[in-house]
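Quick notes on the structure that follows.
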Amino acid sequence: MYALIDCNNFYASCERVFRPDLNGKPIVVLSNNDGCVIARSNEAKELGIPMGAPAFEYQKVFDKEKVHVFSANFQLYGDMSNRVMSILSDFSPDIEIYSIDECFLKLDGFGFFDFESYGEQMRTKVSKSTGIPISVGFAPTKALAKLANRIAKKYAEHTHGVYSMSTDALRVKALKWLKIEGVWGIGRQHARRLSAIGVKTAYDFTQMEDAWVQKNMAIVGLRLKRDLCGIRTLDLEEAQAKKNIATTRSFSNNITEYDELCERVTSFAVSCSEKLRKQSSCCREVNVFILTNRHRTDQPQYNPSIKVRLRYATNSAIEIAKYALLALKKIYKRGYGYKKAGVIVQDLVPEESEQLSMFTDRDRRHNPLMKVVDKMNSLYGTNTLRLGAQERRKWIMRQEKLSPRYTTDIRDIIEIVL
DNA sequence: TCTGGGGTCCTAGGACCC
DNA sequence: TCTGGGGTCCTAGGACCC
């Protein structure tokens with residue numbers, strides 16, 4: 001069996017842990033720049049606020065219904081996630097952390113367990129230790145565990161957040177219940193095509209011919225079908241070093257000036273280099289893109305990107321920023337309002353497998369310098385040490401409703417007044 | 001006026017080779 | 001009118017996930 005454990009309304013729940021006065025009240029969490037809704041409490045869902053809703057379009061609803069609005073506090077969510085995952089990893093030796101709020105457990109050799117009570121134990125432990133509510137689904141395959149989890153959550157009044165798909169009859173019943181667009185691994189495109197030919201439920205999909213699935217949905221679709229049929233096909237995936245690393249942001253206002261864009265791109269490059277060093281990788285390619293505002297159809301659009309090949313693999317902030325700026329210089333055009341930009345580092349290699357070059361002009365001092373920069377910034381805060389090109393910092397991210405960093409910054413620790 | 005960010009995998013088709 | 005066959009590698013783009 002597999003278990004899929006998922007935190008309910010994760011970001012909203014994180015905020016609520018430290019604001020118990022908000023229990024039972026609608027909460028939404030907004031993306032960077034307070035742009036759109038990325039998490040909703042059940043109460044907010046009931047008000048009809050959709051996922052991804054632009055905040056400005058729903059401001060009236062927020063006001064009228066007294067919705068509590070939070071700016072995204074990713075430091076808090078990341079830390080809470082680590083706590084939850086750490087607890088759940090005690091329930092099986094085999095765990096795959098699938099996303100910030102989800103994990104799979106593989107339960108080989110747990111055959112004699114009563115899964116419902118095992119799931120209940122998980123809920124109690126996580127709730128008691130972190131305050132985060134979770135749902136647990138058990139099933140013979142990963143895709144079915146996803147489905148079992150949906151049932152656990154959807155019918156919480158009956159399941160109390162735990163559901164075990166213990167028989168084949170239950171599997172078939174669940175598949176007939178699950179609409180095709182709700183299947184994990186079937187997105188909007190495939191759902192539309194399948195629906196058009198009469199495949200309306202997950203069960204219908206499992207009755208399709210392999211040849212059709214292979215032809216139209218490739219090997220990925222076929223694997224999914226097998227997994228839904230109860231044939232164990234997808235397995236836990238080991239955490240691996242990332243193959244691409246990106247830092248991209250939208251701006252609260254359009255940027256037209258080259259200098260300002262340079263500052264942003266430099267900061268994105270520096271951020272990418274930090275992420276590279278964190279996973280002990282170097283990159284051999286730097287990709288830079290800038291985008292105009294696609295929602296402003298009245299304004300001219302220009303969305304260039306460019307890839308720069310480095311002469312040697314590096315994770316030095318100085319090098320990566322240098323090439324990112326060279327790249328930006330090539331694509332920047334005056335006369336456009338840029339809404340978003342980003343740096344992506346690619347073709348990553350492990351730090352230690354550095355390719356030696358006979359004529360390398362690599363500056364050997366960068367490595368120790370970066371070590372010091374990382375150490376200082378971790379001791380005294382992000383950007384305590386930064387590149388000169390980052391100095392002209394005029395921008396500020398809109399985060400009007402940011403909650404404290406209760407668990408990661410001693411200055412924000414919660415106070416209890418007796 | 002205001003509309004997120006960060007990933008993965010797969011495949012078709014082009015470039016290139018003999 | 002006729003103008004081969006069989007590979008590999010790379011990449012852009014499409015699909016998906018949270």
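Throughout, protein chains are lettered first and strands after them, A, B, ... in sequence-line order, and every chain is numbered starting at 1.
A/Arg232 approaches A/Lys106 most closely through the heavy-atom pair NH1-CE, 3.3 Å.
Residue A/Ile245 is in sugar-phosphate contact alone, with no base atom involved, counting any heavy-atom pair closer than 4.0 Å across all strands shown. Within 4.0 Å of A/Arg249, counting heavy atoms only, lie sugar-phosphate atoms of the nucleic acid but no base atom.
Contact check on A/Lys142 versus A/Asp235 returns no salt bridge, with no Lys/Arg side-chain nitrogen under 4.0 Å from an Asp/Glu carboxylate oxygen. Salt-bridge annotation for A/Asp347 and A/Arg309: present, with a side-chain N of the basic residue lying under 4.0 Å from a carboxylate O of the acidic one. Using a cutoff of 4.0 Å between basic side-chain nitrogens and carboxylate oxygens, A/Arg223 and A/Asp227 are not scored as salt-bridged. Classification of A/Lys401 and A/Asp34 as a salt-bridged pair fails, no side-chain N sitting under 4.0 Å from a carboxylate O. Ion pairing between A/Lys200 and A/Glu181 fails under the 4.0 Å rule for side-chain N and carboxylate O.
Rounded to an integer number of Å, the gap from CD1 of A/Ile100 to P of B/dG5 is 15 Å. We find that CG of A/Asn293 is positioned 6 Å from P of B/dC2, with the value rounded to whole Å. Atom C1' of nucleotide B/dT3 and atom NE2 of A/His295 are separated by 4 Å, given to the nearest angstrom. As rounded to whole Å, 7 Å separates atom P of B/dG5 from atom CG of A/Asn33.
Spacing of P atoms, C/dC18 relative to B/dT3, comes out at 25 Å, to the nearest Å.
In this model, a donor atom of one side chain and an acceptor atom of the other lie less than 3.5 Å apart for A/Thr292 and A/Asn303. Checking A/Asn9 against A/Asn42 by side-chain atom types alone, a donor-acceptor pair falls below 3.5 Å.
With a 3.5 Å limit on both pairing distances and Watson-Crick or G-U wobble geometry required, the stems of 3 or more pairs in DNA chain B span B:5-18 with C:5-18.
For A/Lys242, counting side-chain heavy atoms from C-beta on, the closest listed nucleotide (B/dG5, B/dC2, B/dG7) is B/dG7. Nearest to the side-chain atoms of A/Arg294 among the listed nucleotides B/dG7, B/dT3, B/dG4 stands B/dG4.
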* Structure fact -> The contact string for nucleotides 8-18 of chain C, one letter per nucleotide 5' to 3', using protein heavy atoms under 4.0 Å with B, S and - for base, sugar-phosphate only and none, comes out as ----S--SSSS
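Looking at residues 321-332 of chain A, you'll see that no heavy atom sits under 4.0 Å from any atom of DNA chain C.
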